[in-house]
Engineer: 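To start, I am sharing the structure in question, which I have written as structure tokens.
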Amino acid sequence: AGQFICPFHNDHKPSASIKNDYFNCFVCGAGGDLITFTAKLHGLSNINACKKLVSDFRLNISTEPQTQADKLKADRERAKRQAELKRQKEIENLIQHTGLVLASYHCYLWQGKQLYPYEHIRHIRALQELTQATYYLECYDSNPKEFSIAFRKQVEHIERRLHQWHNEEQ
């Protein structure tokens, strides 16, 4: 169940757990990642704990000092990884934002249809656009990432209209 007996104090019952690649003991407060655990368990520095893990698991990772060319290559690879992580985070934010805008749009229109009289502008907007809003939500639900990227401009337009409508009603 992701729990174990903590080796850092006199433990008789599982009081430490592993979650998201980190360990934490609820009794003695020890915690950290694999390197921290190895360093603390064997009384090593973090760099020596890394070397021990590389050796023990026969990982194909060099622990020798790098040449300048190796450092530059590693820096480029790190920058590339960071750029990719940033891009993925931006896409995740876009997907979340798209879902919120579409849900707000649908809710606004649905309320207009249900709560306002036939002649009211919100009811008229609902009659004109509720089918499209429902369609957009269904497309989003089937593939959020693809929809969010492909319909970015339309969602921005919907968001501007929602703000405009909200301001008109104030």
Side-chain angles (χ1 to χ4, degrees), residues 1-4 14-26 29-38 46 49-50 53-54 57 59-61 66 68-170:
Q3 295 186 332
F4 61 97
S15 61
S17 67
I18 298 174
K19 185 175 182 183
N20 298 329
D21 297 332
Y22 289 90
F23 80 97
N24 182 44
C25 178
F26 302 104
D33 59 12
L34 174 63
I35 295 168
T36 308
F37 182 85
T38 304
N46 281 351
C50 286
L53 290 167
V54 166
F57 291 96
L59 302 174
N60 189 20
I61 300 173
Q66 294 181 324
Q68 189 64 24
D70 291 339
K71 288 180 184 179
L72 289 173
K73 182 180 176 185
D75 287 345
R76 283 191 302 272
E77 290 173 359
R78 186 177 311 108
K80 188 177 177 181
R81 283 193 309 271
Q82 288 173 339
E84 177 61 23
L85 288 173
K86 182 180 177 187
R87 189 182 73 75
Q88 288 176 357
K89 185 66 175 169
E90 288 171 351
I91 289 173
E92 288 173 13
N93 290 340
L94 175 65
I95 292 168
Q96 182 179 19
H97 183 74
T98 299
L100 290 172
V101 170
L102 292 178
S104 296
Y105 180 50
H106 189 271
C107 182
Y108 175 88
L109 295 171
W110 185 86
Q111 287 176 345
K113 185 176 178 188
Q114 298 297 318
L115 304 177
Y116 290 86
Y118 185 78
E119 308 83 28
H120 195 278
I121 187 68
R122 284 194 61 180
H123 189 90
I124 294 167
R125 284 180 187 145
L127 292 174
Q128 292 172 340
E129 300 181 36
L130 191 56
T131 302
Q132 179 183 9
T134 303
Y135 173 72
Y136 279 173
L137 272 175
E138 289 172 359
C139 291
Y140 173 84
D141 286 342
S142 68
N143 193 334
K145 181 179 178 181
E146 185 178 306
F147 179 88
S148 298
I149 293 169
F151 285 80
R152 175 182 258 165
K153 296 291 184 200
Q154 290 91 330
V155 172
E156 289 172 358
H157 179 71
I158 290 168
E159 185 174 23
R160 284 192 301 273
R161 287 177 50 219
L162 282 170
H163 286 296
Q164 178 186 356
W165 294 341
H166 178 73
N167 290 336
E168 288 172 359
E169 293 176 6
Q170 295 303 331

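Since the structure is predicted, the reported quantities are computational estimates derived from the model, not experimental observations.
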Engineer: Could you grab the distance from atom CD1 of Ile91 to atom CD1 of Ile149, nearest 0.5 Å is fine?
Structural biologist: 4.5 Å
Engineer: Once you round to the nearest 0.5 Å, how far does CD of Gln111 lie from CG of Leu130?
Structural biologist: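 Separation between the atoms: 11.5 Å.
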Engineer: Return the CZ to CG distance between Phe23 and Leu34, rounded to the nearest 0.5 Å.
Structural biologist: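 These two atoms lie 9.5 Å from each other.
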Engineer: Are the charged groups of Arg87 and Glu84 less than 4.0 angstrom apart, N to O?
Structural biologist: yes
Engineer: Just wondering, more than 12 heavy atoms not from Asp21 lying within 6.0 Å of its CG?
Structural biologist: no
Engineer: Do you know which two heavy atoms are closest between Leu53 and Ile35, and how far apart they sit?
Structural biologist: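 For Leu53 versus Ile35, the nearest heavy atoms are CD1-CG1, 4.2 Å.
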Engineer: Side-chain contact test, heavy atoms from C-beta onward, threshold under 4.5 Å: evaluate it for Lys19 versus Asn24 and give yes or no.
Structural biologist: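 Lys19 vs Asn24: side chains apart.
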Engineer: Do Ile95 and Tyr140 come close enough that some side-chain heavy atom pair is under 4.5 Å?
Structural biologist: yes
Engineer: Atom NE2 of residue position His166 - does it have more than 12 heavy atoms of other residues, nucleotides or ligands inside 6.0 Å?
Structural biologist: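 12 or below, so no.
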Engineer: Looking only at heavy atoms, which two atoms of Ile124 and Glu119 are closest? And how far apart?
Structural biologist: CD1-O, 3.6 Å
Engineer: Specify whether Phe37 and Phe4 have parallel, tilted or perpendicular ring planes, treating 30° as the upper limit for parallel and 60° as the lower limit for perpendicular.
Structural biologist: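 Phe37 vs Phe4 ring planes: perpendicular.
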Engineer: Any chance you could measure Leu137, atom CG, to Thr98, atom OG1, to the nearest 0.5 Å?
Structural biologist: 11.0 Å
Engineer: Between the side chain of His106 and the main-chain N/O of Ala133, is any donor-acceptor distance below 3.5 Å?
Structural biologist: no
Engineer: Quick one: does Tyr108's side chain have a donor or acceptor within less than 3.5 Å of a partner on Ala126's backbone?
Structural biologist: no
Engineer: Please examine the side chains of Thr134 and Glu138, heavy atoms only from C-beta on, and report whether any two atoms are closer than 4.5 Å.
Structural biologist: yes
Engineer: Less than 4.5 Å apart, side chain to side chain, heavy atoms only: is that true for Asp33 and Thr36?
Structural biologist: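 Asp33 reaches Thr36 side chain to side chain.
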Engineer: Could you work out, with side chain to side chain donor-acceptor pair (under 3.5 Å) as the rule, every residue matching Asn143, not counting sequence neighbours?
Structural biologist: Glu146
Engineer: Aromatic rings Tyr105 and Trp165: how do their planes relate, parallel, tilted or perpendicular, breaks at 30° and 60°?
Structural biologist: parallel
Engineer: Can Glu159 and Val155 be said to form a side-chain contact (heavy atoms from CB on, under 4.5 Å), step by step?
Structural biologist: CA-CA 6 Å; Glu159 185 174 23; Val155 172; 5.5 Å; no
Engineer: Just how far is it from atom CZ of Arg81 to atom CZ of Arg76, taken to the nearest 0.5 Å?
Structural biologist: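 Reported to 0.5 Å precision, the distance equals 12.5 Å.
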Engineer: Contact between Gln154 and Gln132 at the side-chain level, heavy atoms closer than 4.5 Å - yes or no?
Structural biologist: no
Engineer: Quick one: are Gln3 and Ile18 in side-chain contact, heavy atoms under 4.5 Å?
Structural biologist: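 Answer no - side chains too far apart.
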Engineer: Any side-chain donor paired with an acceptor under 3.5 Å for Gln164 and Glu168?
Structural biologist: yes
Engineer: Distance from His97 atom NE2 to Arg152 atom CZ, nearest 0.5 Å?
Structural biologist: 10.0 Å
Engineer: Determine whether His157 and Lys153 satisfy the following criterion, side-chain contact (heavy atoms from CB on, under 4.5 Å), listing intermediate values before the conclusion.
Structural biologist: CA-CA 6 Å; His157 179 71; Lys153 296 291 184 200; over 6 Å; no
Engineer: A side-chain contact here means heavy atoms from C-beta on lying under 4.5 Å apart; do Phe147 and Ser142 qualify?
Structural biologist: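 Not touching, per the 4.5 Å side-chain cut-off.
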Engineer: Check the pair Asp75 / Arg78 against salt bridge (charged side-chain N to carboxylate O under 4.0 Å, His left out), numbers first and verdict last.
Structural biologist: CA-CA 5 Å; Asp75 287 345; Arg78 186 177 311 108; 2.7 Å; yes
Engineer: Is there side-chain contact between Leu102 and Ile158, with heavy atoms separated by less than 4.5 Å?
Structural biologist: yes
Engineer: Is it the case that more than 12 heavy atoms not belonging to Arg161 sit under 6.0 Å from its CZ atom?
Structural biologist: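 Yes, enclosed.
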